[in-house]
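What follows is a set of notes on a single structure, which appears directly below.
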Amino acid sequence: MPIRIILIGPPGVGKGTQAALLEERLGVKPLSSGVIFRSEIEAETDLGQLAKSYIDRGELVPNGVTIQMMVKRLRSDDVRHRGFVLDGFPRTVRQAEALSEELDREEIRLNGVVSLEIDDEVVVRRLSGRLGCTKCGEIYHSVNKPPKREGFCDKCNSPLFVREDDKPETIRERLRVFRENTQPVIDYYDAQGQLLRICGDRDPEEVFRDVATELGVLDQA
Ligand code: AMP
């Protein structure tokens with residue numbers, strides 16, 4: 001039975017890291033709306049151009065295009081076979097409702113919705129030094145996890161980059177947007193009895209163990 005999970009949490013809590021661990025250990029397909037938007041920007045598509053104007057300001061991309069883009073991915077054969085870990089979607093109640101409709105239509109049940117929790121100040125500290133690999137997506141931190149060779153990925157040797165929206169002012173705006181739009185999404189899943197709250201301010205391995213245990217999938221890892 002494919003595993004299907006939603007990861008929710010503020011920027012910088014480690015959703016991407018957990019999604020990568022879930023893929024590595026359980027084979028589930030990570031579906032990150034942020035990663036998909038960034039690849040659309042890179043490929044200079046119309047959607048990428050539209051998304052960029054919002055992303056650079058730390059604002060949300062409009063619901064309509066975001067929902068359409070994610071539903072298309074959810075219907076792909078790979079995702080049907082491998083299951084999914086949604087990271088960064090849904091971010092608004094409208095997106096959550098659209099996702100519920102899609103899952104109901106396809107008669108798909110979620111294993112659970114994980115809310116990763118962390119203080120804003122820790123997020124600002126974490127994101128201000130974040131570096132990502134342009135090729136394989138590995139994440140580094142200038143203080144906590146520096147690469148062996150400055151500016152280059154340990155795994156694939158490609159150049160590292162700082163995300164445009166990881167500047168301190170933009171980080172604060174993203175946190176504000178999260179509290180305003182995404183807190184109600186957490187309440188939405190909580191009201192449905194699907195929510196698992198997990199502290200994200202710990203070593204990623206510890207967080208992973210809790211996530212897998214709470215979801216009841218640790219034996220498959
Ligand atoms: P992330 O990589 O998840 O931090 O996303 C980076 C940016 O992409 C966000 O700050 C938003 O501008 C945009 N974005 C990602 N996911 C969504 C979503 N579900 N709805 C609207 N905008 C999104």
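Whatever order the structure lists ligands and atoms in, that order sets their numbers, starting from 1.
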*Side chains of Tyr189 and Ser115, donor plus acceptor under 3.5 Å*: no

*Of the protein's non-hydrogen atoms, which lies at the shortest distance from atom 11 (C) of ligand 1, and what is that distance?*
Glu59 O, 3.5 Å

*Going by the side chain to side chain contact (heavy atoms under 4.5 Å, CB included) test, name the single residue among Ile8, Val85, Asp87 that passes it with Lys15.*
Asp87

*Any idea which protein heavy atom is nearest atom 6 (C) of ligand 1, and the distance to it?*
Arg163 NH2, 3.5 Å

*Find the distance between SG (Cys133) and CZ (Phe152) and round it off to the nearest 0.5 Å.*
10.5 Å

*Does Val61 approach ligand 1 within less than 4.0 angstrom via side chain, backbone, both or neither, non-hydrogen atoms only?*
both

*Report yes if some N/O of Gly88 lies less than 3.5 Å from some N/O of ligand 1; otherwise report no.*
yes

*Among protein heavy atoms, which lies nearest atom 13 (C) of ligand 1, and at what distance?*
Ile55 CG1, 3.7 Å

*Could you tell me whether Glu205 and Arg25 make a salt bridge, using a distance below 4.0 angstrom between a side-chain N and a carboxylate O?*
yes

_Pair Glu138 + Arg130, salt bridge at N-O below 4.0 Å_ = no

_Whether the side chain of Thr182 engages the backbone of Arg91 through a donor-acceptor N/O pair (distance < 3.5 Å, no angle test) should be reported._
yes

_Considering Arg174, Arg91, Gln95, Arg94 one by one, which has a heavy atom nearer to atom 5 (O) of ligand 1 than any of the others?_
Arg91

_Which residue and heavy atom of the protein sit nearest atom 16 (N) of ligand 1, plus the separation_ = Ser33 OG, 2.8 Å

*Starting from atom 23 (C) of ligand 1, which protein heavy atom do you reach first, and at what distance in Å?*
Phe37 CE1, 3.7 Å

*Provide, to 0.1 Å, the distance between atom 2 (O) of ligand 1 and the closest protein heavy atom, together with that atom's residue and name.*
Arg38 NH1, 3.0 Å

*Look only at the side chain of Arg179 and the backbone of Arg176, and say whether a donor-acceptor pair between them is shorter than 3.5 Å.*
no

